Amino acid sequence: MQQTVQIALDERSYPIVIGAGLLGSPSTWQGLPKAHAALIVTNTTVDPLYGAQLAAALAPIYPQVHRVVLPDGEAFKTWESLNLIFDALLGHGCDRKTVLFALGGGVVGDMTGFAAASYMRGVPFVQVPTTLLAQVDSSVGGKTAINHPLGKNMIGAFYQPVRVVCDLDTLKTVPERELSAGLAEVIKYGPIADMAFLDWIEANLDALRARDPQALAHAIRRSCEIKADVVGQDEREAGLRAILNFGHTFGHAIEAGMGYGAWLHGEAVGGGMVMAARLSQALGLCDEAFVQRLHGVVSRAGLPTVAPVIDAADNAGRYLALMRLDKKSEAGDIKFVLVNGQGQAQMRGAPDALVRQVIDACCVAA
Ligand code: NAD
Ligand code: GLY
């Protein structure tokens with residue numbers, strides 16, 4: 001059964017379509033912007049699995065369907081990969097009506113969105129997320145970016161897709177470790193917005209890890225509903241939207257500190273949520289029972305619950321330095337997303353000494 005969640009952003013509104021068998025179904029692709037050409041952006045892993053299927057489905061709609069296949073991995077979320085997209089667009093003589101299709105996980109989606117935002121000052125693009133993480137988070141809401149060696153997602157733009165198509169069938173081939181990484185972004189929606197959803201996740205974690213289609217469909221729909229609500233209120237992160245970054249301030253430091261790709265984004269968010277919950281508890285915002293509960297669900301999702309040591313000489317200092325580069329920081333003051341254990345989040349700073357204690361308590365050397 002097909003379900004739709006709407007992102008309400010006035011003239012930039014769009015549907016998120018969730019269901020099985022969507023990729024190859026002609027009706028999925030009806031009503032998209034008309035153009036002479038489409039460019040499918042994908043990577044070396046996803047292209048052999050789904051590239052031909054999507055190209056065949058788009059062939060009746062667009063006179064030309066081109067494909068560009070990027071190297072796979074967070075380490076390739078770079079200017080060099082972005083330029084491969086521009087090379088393909090210019091090489092094929094693509095005009096400003098060309099529609100881009102992001103076929104892949106969050107890395108492909110973020111890069112394709114940024115390419116779409118900037119090619120000829122903006123062309124339409126469609127998100128076709130093929131990982132759980134991308135279906136519940138990164139394909140929705142219009143954040144696009146590449147990494148800089150000094151910080152994650154530092155170069156980018158807010159640019160909304162015209163449609164998001166989540167085909168549940170693509171999740172059948174996602175490696176187990178990646179599925180767990182996606183569950184981190186599902187779990188985060190509970191503590192920040194909906195504790196009943198956290199109850200549901202706990203009760204259905206085994207079904208989710210076994211890829212039960214009904215469980216996955218519900219998790220994706222509810223995650224997208226919560227994200228749609230937040231993004232609809234605060235598209236460009238003037239305030240509220242930052243709560244979607246629960247666990248990400250610590251998580252981004254783990255990713256950068258370990259070198260992009262060593263820890264999956266979702267794994268870093270999993271460990272980061274436990275650290276953020278521990279900091280919330282240290283500040284008196286939530287109780288120990290909630291920290292233990294979150295620790296338990298993160299662990300059962302197959303995610304790390306202890307953070308890595310990223311600097312043998314001054315681990316906490318390195319975390320703090322990396323977190324000062326976070327986009328939420330203001331004049332070097334780190335802003336954390338903290339939770340109260342009752343489904344509400346807030347942004348606030350914390351004394352360095354307390355953050356150091358939390359880092360020391362949460363980290364172990366590999
Ligand atoms: P990813 O894009 O690297 O995909 C994970 C791996 O799975 C890759 O090797 C990929 O090739 C492979 N893969 C993708 N689909 C597959 C399939 N169906 N079958 C088999 N293999 C498949 O990682 P991700 O977890 O999807 O996304 C992480 C990225 O998303 C990070 O760069 C993160 O910063 C970004 N992100 C962005 C937002 C946002 O709002 N824009 C939100 C969260 C995360
Ligand atoms: N993933 C965080 C956001 O979209 O704001």
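All ligand and atom numbering here is 1-based and tracks the order in the structure. In this text the structure is predicted, and so the values were computed from the model without any measurement. In what follows, every heavy atom counts, from backbone to side chain, and hydrogens, waters and symmetry copies are set aside.
Neither the backbone nor the side chain of L171 comes within 4.0 Å of ligand 1, counting heavy atoms alone. At a heavy-atom cutoff of 4.0 Å, ligand 2 is contacted by no atom of H248, backbone or side chain. Both the backbone and the side chain of K143 come within 4.0 Å of ligand 1, judged by heavy-atom distances.
L133 CG to L183 CG: the interatomic distance, rounded to the nearest 0.5 Å, is 9.5 Å. Atoms OG1 and CD, from T144 and Q127 in turn, are 9.5 Å apart once rounded to the nearest 0.5 Å.
Taking only nitrogen or oxygen atoms, main chain and side chain alike, L49 does not reach within less than 3.5 Å of ligand 1. The shortest N or O to N or O distance between T130 and ligand 1 is under 3.5 Å. Checking only distances, N153 does come within under 3.5 Å of ligand 1, N or O to N or O. Considering backbone and side-chain N/O atoms, R241 never comes within less than 3.5 Å of an N/O atom of ligand 1. Residue A134 has no nitrogen or oxygen atom sitting less than 3.5 Å from a nitrogen or oxygen atom of ligand 1, judged on distance alone.
Residue E185 approaches ligand 1 through these ligand atoms, each under 4.0 Å from one of its heavy atoms: 43 (C). When each atom of ligand 1 is checked for a heavy atom of N43 under 4.0 Å away, the hits are 10 (C), 11 (O). Every atom of ligand 1 is numbered from 1 in the order shown, and the set under 4.0 Å from a heavy atom of D137 is 42 (C), 43 (C). Atoms of ligand 2 lying under 4.0 Å from any heavy atom of K143, numbered from 1 in the order shown and given with element: 2 (C), 3 (C), 4 (O), 5 (O). Listed by atom number, the atoms of ligand 1 under 4.0 Å from K227 heavy atoms are 40 (O). The K77 neighbourhood of ligand 1 comprises atoms 31 (C), 32 (O), 33 (C), 34 (O), 35 (C), with distances under 4.0 Å to a heavy atom of that residue. In the vicinity of D72, heavy-atom distances shorter than 4.0 Å reach the ligand 1 atoms 8 (C), 9 (O), 10 (C), 11 (O). Close contacts between ligand 1 and Y50 involve ligand atoms 18 (N) [criterion: under 4.0 Å to a heavy atom].
Residues I40 and G51 come closest through the heavy atom pair CD1-O, 4.3 Å. When all heavy atoms of A301 and L205 are compared, the pair lying nearest together is N-CD2, 3.9 Å.
Proximity of H252 to ligand 1 is not established, as no heavy-atom distance is less than 4.0 Å. Distances shorter than 4.0 angstrom do not occur between any heavy atom of K172 and any atom of ligand 1.
When only non-hydrogen protein atoms are considered, atom 14 (C) of ligand 1 lies nearest to T131 CG2, 3.3 Å. Among protein heavy atoms, the minimum distance from atom 34 (O) of ligand 1 is reached at K152 NZ, 2.7 Å. Atom 21 (N) of ligand 1 has P175 CD, 3.8 Å as its closest protein atom, hydrogens excluded (heavy atom only). The protein heavy atom nearest to atom 39 (C) of ligand 1 is S138 CA, 3.5 Å. Looking from atom 35 (C) of ligand 1 to the surrounding protein, the closest heavy atom is D110 OD2, 3.4 Å. Counting only heavy atoms of the protein, atom 17 (C) of ligand 1 lies nearest to T173 OG1, 3.4 Å. Given atom 12 (C) of ligand 1, the protein heavy atom at minimum distance is T45 CG2, 4.4 Å. Protein heavy atom nearest atom 13 (N) of ligand 1, with residue, atom name and distance: V46 CG2, 3.8 Å.
Summarising the contacts of atom 23 (O) of ligand 1 with G156, G106, G251, the nearest heavy atom is found in G106. In the candidate list K227, R241, E185, R241 is nearest to atom 5 (O) of ligand 2, counting heavy atoms. Evaluated by nearest non-hydrogen atom to atom 1 (N) of ligand 2, the leading choice among D137, L244, N153 is D137. Comparing heavy-atom distances from atom 18 (N) of ligand 1 across T144, V108, T170, L244 singles out T170 as nearest.
Side-chain contact, T249 with K328: a donor N or O sits under 3.5 Å from an acceptor N or O. Residues Q64 and H66 have side chains that bring a donor and an acceptor to within less than 3.5 angstrom of each other. Looking only at atom types and distance, the side chain of T98 has no donor-acceptor partner in the side chain of Y62 under 3.5 Å away. A donor-acceptor contact closer than 3.5 angstrom links the side chains of E185 and H248. Residues N245 and K188 have side chains that never bring a donor and an acceptor to within less than 3.5 angstrom of each other. Neither side chain, Q281 nor D287, offers a donor N or O lying under 3.5 Å from an acceptor on the other. Looking at T45 and D72, their side chains do bring a donor and an acceptor atom within 3.5 Å of each other.
Surrounding CD of Q3 are more than 12 heavy atoms belonging to other residues, nucleotides or ligands, all under 6.0 Å away. Taking a 6.0 Å sphere around CZ of R324, one finds it holds more than 12 heavy atoms contributed by other residues, nucleotides or ligands.
With respect to E235, the salt bridge (charged side-chain N to carboxylate O under 4.0 Å, His left out) criterion is satisfied by exactly one of R12, K143, R241: R12. Here the rule is side chain to side chain contact (heavy atoms under 4.5 Å, CB included) with L103, and of V108, V46, V41, V69 only V46 fits it.
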Does the side-chain contact (heavy atoms from CB on, under 4.5 Å) test come out yes or no for H252 and M323, once each step is laid out?
CA-CA 8 Å; H252 285 169; M323 290 193 294; over 6 Å; no

Could you list the donor-acceptor pairs under 3.5 angstrom formed by side chains in residues 115-126, with sequence neighbours left out?
from	atom 1	to	atom 2	distance (Å)
S118	OG	F114	O	2.7
Y119	OH	C94	O	2.7

